[in-house]
Structure formats: structure tokens, C-alpha cells
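What follows is a set of notes on a single structure, which appears directly below.
Numbering of ligands and ligand atoms starts at 1, following listing order. Bear in mind that the values here come from a model prediction, so they are computed numbers and not experimental data.
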Amino acid sequence: MKKSPTILTGMRVNSVITLGNFLGALLPMVRLANKHSDSSEINIFVPDLHSIIDSVDGELQANLVRSLKYYLAAGLEITPHVHLYRQSRVPAHSELCWILNCVATMGELNRMTQFKDKSSGKDSVGVGIFDYPVLMASDILLYDATYIPVGEDQFQHIELTRRLAERFNKKYGDIFVLPATPKEQVEFMSVNDGIRIRDLQNPEKKMSKSTPSPNSKIMLSDEPSAAARKIMSATTDSLGKIQYDMFNQPGISNLLQIEALLNDLPLQDVISTWAGETHYGDLKQKVAESVQTFLEVFQEKLADIDDGVVFDLLQTGEVYANTVANQKLHEVQKCVGLR
Ligand code: ATP
Ligand code: MG
């Protein structure tokens, strides 16, 4: 029997990810899934249709399999309530997207900040980037998903999803379950509220995979001892005091944050351990060791996961996803007169 609420995530993984992506998004999702999989359905899908909005670089299949392995290597426990699937293997996503396109308006899609950001100054803008929030609404509404752990940049799209569902329900009855409001989402996942790993060279900025400087970021594919060296050469400050103060000492604070998250310790405990210490080198040494150990273990786990394991999970996950999604789609099709 389907459990409720459904928790759904579809992180786009078009390339190798950074330690920031891992600690800020992937690991919190895995912890959330492990915590709730006996009381909720956990849908983890690869948004491959969203991925082709940018460019199809021929690597999509490899990225897709690797991205699912990341979840497993991060400790995702597979239970009968955890479902892995590829968006494009569940055609109901595209079908519902079309129907919701007939519910959404140009005006509201034009107001999406992400669309404005990504299209501004361009001569030619793809329809895909304009319409992507409607596909995202379909991803959510097909499964009656309540919680969708996303970054703040996606809150506007959650609000849009709620609006489209409400508009449809008003006309046809209670067909869609509205996802929780962004405020409720944040409360639910309190675990990743506010995690923002900093750029190692410019700690005022966040660590980003698109930053060109390799020393600014730790990629999950970095050679572990090379990653440790990046920590040793991280920018700090000249105050000579180890304390958590993101405003005045973002470099040191970032190291304390990384240390806490990698060892699954409360940040406060790590701050207390280092309180009163003055040697930045000692802290760097400790964090460098944590990063190196983490990468060694993570990379070993990743290498041990056979592609076959992922494909087996996809096979059962996609049967489940198609069953749930087709049922909802059928209801919707009846409402609008297609069935
Ligand atoms: P890009 O430079 O291409 O924007 P990115 O590193 O910012 O890449 P995204 O693909 O934009 O990564 O985001 C993927 C997920 O990782 C999002 O949920 C985002 O909130 C989270 N994330 C990105 N950077 C960090 C960071 N430095 N700390 C914590 N979470 C992060
Ligand atoms: Mg980003």
C-alpha cells in the first residue's frame, strides 16, 4: 500500500558534484530518506528530460547511472518504499506536462526568476527553459508528493506547482494533492536548512562546481590526498582565533562546518572542541584528514557499486512509478475529456 506523505527529489546531476553539493543537498536527502522510509514513499528520480534542456553531450547515460550511485554510496538504505526511476521512462511526466501547459499562463511562467535569469540578454531562448517549471509541477503532482527537498532557488516553482494544482482542482474536484508550502518544506527538512559550503579560496562565496579554479572546490572525484592539500591551502584570516563567525571568519567557519558534517557531529560540538585554539594549521590538518578519509571511503564504495545494481533498482522503481503516475494521469485525462 502506498504510504503518505511522499517525499520526492530529482537532483540534476549533469557532471561530477562538489563537496558542497554533497553536504548541502545529497547527504541531507539521503538522511531524510533513511529517516522516513518506513512512514513515507521516497521517490528519487533522475530528471533526464530536464537535463536535455541545456545540451546533450553524449554523457547523459553515464551521468545518470553515476548520479544514482552517489545516493547509494552516501548510504541510502533501500527499502520497499524507496523508488528510483528515470523521468523519461515514465511517459506520464510529459503527458501531464502538456495538460498542465493548457492550465498555466504565459504571464506566470514569464515571472519565474530562474527563467528571467537564464534568458536575459540572449537572442534565442529555448521553449524548454521557459516551460521547465510545468514539467517540474508534473513530476510532483503525479505522485501526490508533499515534500520536495530543494534549494531556495526552487521555491518559486513549488509555489507555481501549488497554484496550478489549485486551479485544476477548483475546476475538476480534488484531483491533485498540493505540495507543502516552502515554509513547511524548510521546517520538515530542518536538516539542510542553511548549509552553504564556501569556496576554499574565496570563502565569501559559496563553493560551486562551475567555478573555474580547481583549488576553490573539492570534487567527489578528486584524488583524496590532493583534496587534503586543497584544505591545507584554504584561505583563512589573520585573527588567529578559531571560532565560528561566518561574517568575519568565513574560511575558518567553513572548515568547522565541513568537519561537523563529514563526521556527522553537531556543529556546536565541533565549535566547542576548537574553542580557544589558535593554530589554524592544526584545524586544517584535522579537516584535511576528514576530507581525505571521506573521499577514500566514498570513492571505494562508489567503485564497488555495480551498474547492474542500479539497473535492477531502476527496473522495479520504474514499474512502481509508472503504476502510480498512470493512475493519476488517467484521472486527469478523464477530467479534461480525453478519456
Ligand atoms: P553551478 O555552479 O553549476 O550552479 P552548483 O555547485 O551551484 O553548480 P547546483 O547544480 O546549482 O550546484 O545545485 C545542486 C544542489 O546543490 C542544490 O540543491 C543546491 O542548493 C546545492 N548546493 C550547491 N552549492 C552548494 C554549496 N556550496 N553548499 C551547499 N549546498 C549547495
Ligand atoms: Mg548553482
Side-chain angles (χ1 to χ4, degrees), residues 7-33 43-48 50-55 57 59-60 63-64 66-68 70-71 74 76 112-120 129 132-133 136 139-140 147-158 182 185-186 188-222 227 230-231 234-235 244 246 250-251 253-262 264 267 287 291 294:
I7 305 172
L8 177 142
T9 188
M11 188 162 111
R12 226 159 65 112
V13 186
N14 282 16
S15 69
V16 177
I17 64 174
T18 68
L19 188 65
N21 303 140
F22 181 82
L23 295 176
L26 202 125
L27 190 60
M29 177 59 203
V30 168
R31 293 198 172 138
L32 209 55
N43 288 20
I44 296 180
F45 72 100
V46 187
D48 51 356
H50 287 294
S51 297
I52 63 169
I53 289 174
D54 288 337
S55 65
D57 58 8
E59 294 283 311
L60 189 57
N63 287 344
L64 188 155
R66 189 184 52 219
S67 75
L68 291 171
Y70 281 153
Y71 287 98
L76 177 71
M112 294 295 119
T113 311
Q114 197 162 85
F115 170 67
K116 285 197 266 192
D117 288 350
K118 296 209 172 181
S119 59
S120 81
I129 189 66
Y132 131 84
M136 178 168 162
D139 299 336
I140 296 168
Y147 296 110
I148 306 100
V150 285
E152 201 192 357
D153 52 331
Q154 293 294 332
F155 284 176
Q156 213 187 6
H157 297 158
I158 302 282
Q185 306 273 353
V186 169
F188 179 72
M189 56 186 191
S190 54
V191 59
N192 68 349
D193 186 13
I195 296 175
R196 191 159 186 254
I197 302 301
R198 305 305 179 107
D199 180 301
L200 297 176
Q201 295 298 313
N202 299 299
E204 290 77 25
K205 297 195 315 185
K206 78 167 192 73
M207 186 183 286
S208 287
K209 51 176 145 32
S210 57
T211 306
S213 153
N215 284 335
S216 286
K217 56 192 181 182
I218 289 178
M219 306 305 292
L220 294 192
S221 54
D222 278 354
K230 291 183 187 179
I231 295 288
T235 300
Y244 191 81
M246 265 301 177
S253 306
N254 192 37
L255 295 178
L256 291 168
Q257 171 83 278
I258 292 173
E259 178 67 5
L261 290 167
L262 281 181
D264 198 12
L267 178 59
V287 180
V291 167
F294 159 72

Task: Where Ile148 and Gln185 come nearest, the two heavy atoms and their spacing - done: N-OE1, 2.8 Å

Could you list each nitrogen or oxygen of ligand 1 that sits under 3.5 Å from a protein nitrogen or oxygen, with the atom names and the distance?
| unit_1 | atom_1 | unit_2 | atom_2 | d |
| --- | --- | --- | --- | --- |
| ligand 1 | 2 (O) | Ser210 | N | 3.2 |
| ligand 1 | 2 (O) | Ser210 | OG | 2.4 |
| ligand 1 | 6 (O) | Asn21 | ND2 | 3.0 |
| ligand 1 | 6 (O) | Lys209 | N | 3.0 |
| ligand 1 | 7 (O) | Lys206 | NZ | 2.6 |
| ligand 1 | 8 (O) | Lys209 | NZ | 3.0 |
| ligand 1 | 10 (O) | Lys209 | NZ | 2.6 |
| ligand 1 | 12 (O) | Asn21 | ND2 | 3.1 |
| ligand 1 | 12 (O) | Lys209 | NZ | 3.1 |
| ligand 1 | 16 (O) | Asn21 | ND2 | 3.3 |
| ligand 1 | 24 (N) | Lys206 | NZ | 2.8 |
| ligand 1 | 27 (N) | Ile197 | O | 2.8 |
| ligand 1 | 27 (N) | Met207 | O | 2.9 |
| ligand 1 | 28 (N) | Ile197 | N | 2.9 |
| ligand 1 | 30 (N) | Gly20 | O | 3.3 |

Open item on the list: Going by side-chain contact (heavy atoms from CB on, under 4.5 Å), name the residues that satisfy it together with Pro133, two or more places apart in sequence or in a different chain.
Closed with: Leu109, Met112, His157, Leu160

- [ ] Please round to the nearest 0.5 Å and tell me the distance separating atom CD1 of Ile258 and atom CD1 of Ile231.
- [x] 4.5 Å

- [ ] Indicate whether any N or O donor in one side chain lies under 3.5 Å from an N or O acceptor in the other, for Ser51 and Asp48.
- [x] no

Open item on the list: I need the minimum non-hydrogen distance between Val30 and Ala74, along with the two atoms involved.
Closed with: CG1-O, 3.7 Å

Task: Side-chain donor/acceptor of Thr18 to backbone N/O of Gly20, under 3.5 Å - done: yes

